[in-house]
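One structure is given here, and the rest of the page talks about it.
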Amino acid sequence: AARLRPDEAYVSLYSGRTIGGVFVVTPDGGLALHKISRTGDATLATVKAYRAPFDAAQVPYDAGKWAGFNVNAAVDLYQSWFSIAMKSLEKVQVLHLAPGGALASVPWSATLTQKPATLESARWLGQKKSIAITPGASSIVLNRTLQTKMANKPFIAFADPLFSKTPVAQEKKSTRAIFTRSSTNS
């Protein structure tokens, strides 16, 4: 809590096999643990249903249309995982969110706080709160305590993370040969 700014909170989401939990730390030192009566399998099914249009890259072509967006899953995720904790989060604007398991793949800003009649009337979590995804509380502490240093010299790197079909051993030889030739030709 000491590293949180006055308008921030840390929220950890845990989806277990039989139950889940929402752990909230507020800047005033407040701690809250909310039990979520939801199995890991049920959570995974909702996340998959919610992510389906994103993963299929369904693009809305008509203004005001949902384009396959799963409204029910978006509302269900918010209601199951956030509505219970919102009282603890009333005074904060920024959520440092550490979702675990399947919950890590949810774009939380695009969950709905209630079922809307139309796209225009939709109320998104991202309209209420700014969300910063973090691996855990320790990353907030590290980011705010370590001093950063500027590099003495510029650095540039190029990489091919195995997008090519050439075996790695051959890539190393050919890359080395290119750089050796270019440095001797100048």
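For reference, positions follow the sequence shown, starting with 1.
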Residues passing the side chain to side chain donor-acceptor pair (under 3.5 Å) test with Lys115, sequence neighbours excluded, are Asn72
#### Entry: Polar side-chain atom of Glu8 near backbone of Pro27 as donor-acceptor pair, under 3.5 Å
no
Inset, instruction - May I ask whether Val11 and Val47 are part of the same hydrophobic cluster, defined by side-chain heavy atoms of I, L, V, M, F, W, Y residues being less than 4.5 angstrom apart, directly or through others? - result: yes
Q: State yes or no: do Leu89 and Ile133 share one hydrophobic cluster built from I, L, V, M, F, W and Y residues joined by side-chain heavy-atom distances below 4.5 Å, directly or via other members?
A: yes
Just by distance, do the side chain of Arg3 and the backbone of Val141 share a donor-acceptor pair under 3.5 Å?
-> no
Asp55 meets the side chain to side chain donor-acceptor pair (under 3.5 Å) criterion, sequence neighbours left out, with Arg51
Rounding to 0.5 Å, atoms OG (Ser15) and CG (Leu103) come to a distance of 5.0 Å
What's the verdict on side chain to side chain contact (heavy atoms under 4.5 Å, CB included) for Ser109 and Leu125, showing C-alpha distance, side-chain angles and the deciding distance? CA-CA 5 Å; Ser109 293; Leu125 177 58; 5.9 Å; no
Taken in chain and number order and not counting sequence neighbours, the residues that satisfy side chain to side chain donor-acceptor pair (under 3.5 Å) with Ser37 are none
Sorted by chain and residue number, the side chain to side chain donor-acceptor pair (under 3.5 Å) partners of Asp76 (sequence neighbours excluded) come out as Arg38, Thr46, Ser80
To the nearest 0.5 Å, atom OG of Ser105 lies from atom CG of Leu44 at 8.5 Å
Asp41 meets the side-chain contact (heavy atoms from CB on, under 4.5 Å) criterion, sequence neighbours left out, with Thr39
- Message: Hydrophobic clusters here meaning ILVMFWY residues chained together by side-chain heavy-atom distances under 4.5 Å, can you tell me if Val94 and Leu142 are in one?
- Response: no
field: Side chain proximity check, Arg5 to Arg144, heavy atoms < 4.5 angstrom
entry: yes
With sequence neighbours left out, the residues meeting side-chain contact (heavy atoms from CB on, under 4.5 Å) with Ser138 are none
- prompt: With a 4.5 Å heavy-atom cut-off, do Thr118 and Ser121 have their side chains touching?
  reply: yes
Heavy atoms of Pro116 and Ala122 approach each other most closely as CB-CA, 3.6 Å
Ala67 and Pro53 have their tightest heavy-atom pair at O-CB, 4.4 Å
What one should report as the nearest heavy-atom pair of Val92 and Ala9 is CG2-CB, 3.8 Å
All heavy atoms of Leu4 vs all of His96, minimum pair found to be CD2-CD2, 4.0 Å
Hits for ring pair (Phe, Tyr, Trp, His ring centres under 6.0 Å) against Tyr10, two or more places apart or cross-chain, chain-then-number order -> none
Contacts satisfying salt bridge (charged side-chain N to carboxylate O under 4.0 Å, His left out) that involve residues 116-131 (not counting sequence neighbours) are none
By ring pair (Phe, Tyr, Trp, His ring centres under 6.0 Å), Phe82 pairs with (sequence neighbours left out) Trp108
Does any part of the side chain of Trp81, heavy atoms only, come nearer than 4.5 Å to the side chain of Thr43, both counted from C-beta? yes
When rounded to the nearest 0.5 Å, the distance separating CD1 of Ile131 from CD of Gln93 is 10.0 Å
Quiz item: Do Val24 and Ile84 belong to the same hydrophobic cluster, where Ile, Leu, Val, Met, Phe, Trp and Tyr are linked whenever their side-chain heavy atoms lie under 4.5 Å apart, directly or via other members?
Solution: yes
When every non-hydrogen atom of Ser88 is compared with those of Thr26, the smallest separation belongs to O-CG2, 3.4 Å
Across all chains, not counting sequence neighbours, the side-chain contact (heavy atoms from CB on, under 4.5 Å) partners of Thr18 are none
Rounded to the nearest 0.5 angstrom, the CD-OG distance for Gln114 and Ser83 is 11.5 Å
One should read off an interatomic distance between Lys35 NZ and Tyr14 OH, to the nearest 0.5 angstrom, of 13.0 Å
Check whether any side-chain heavy atom of Val106 sits under 4.5 Å from a side-chain heavy atom of Pro99, and report yes or no. no
side-chain contact (heavy atoms from CB on, under 4.5 Å) filter on Phe69, not counting sequence neighbours, yields Tyr50, Phe54, Trp66, Val71, Ala74, Leu112, Trp124
Check: Under 4.5 Å between any side-chain heavy atoms of Ile36 and Ile19, yes or no?
Finding: no
So the ring-ring contact (aromatic ring centres under 6.0 Å, His included) pairs with at least one residue in residues 133-153 (sequence neighbours excluded) are none
Between Leu13 and Leu33, is there shared hydrophobic-cluster membership here, with clusters defined by ILVMFWY side-chain heavy atoms closer than 4.5 Å? no
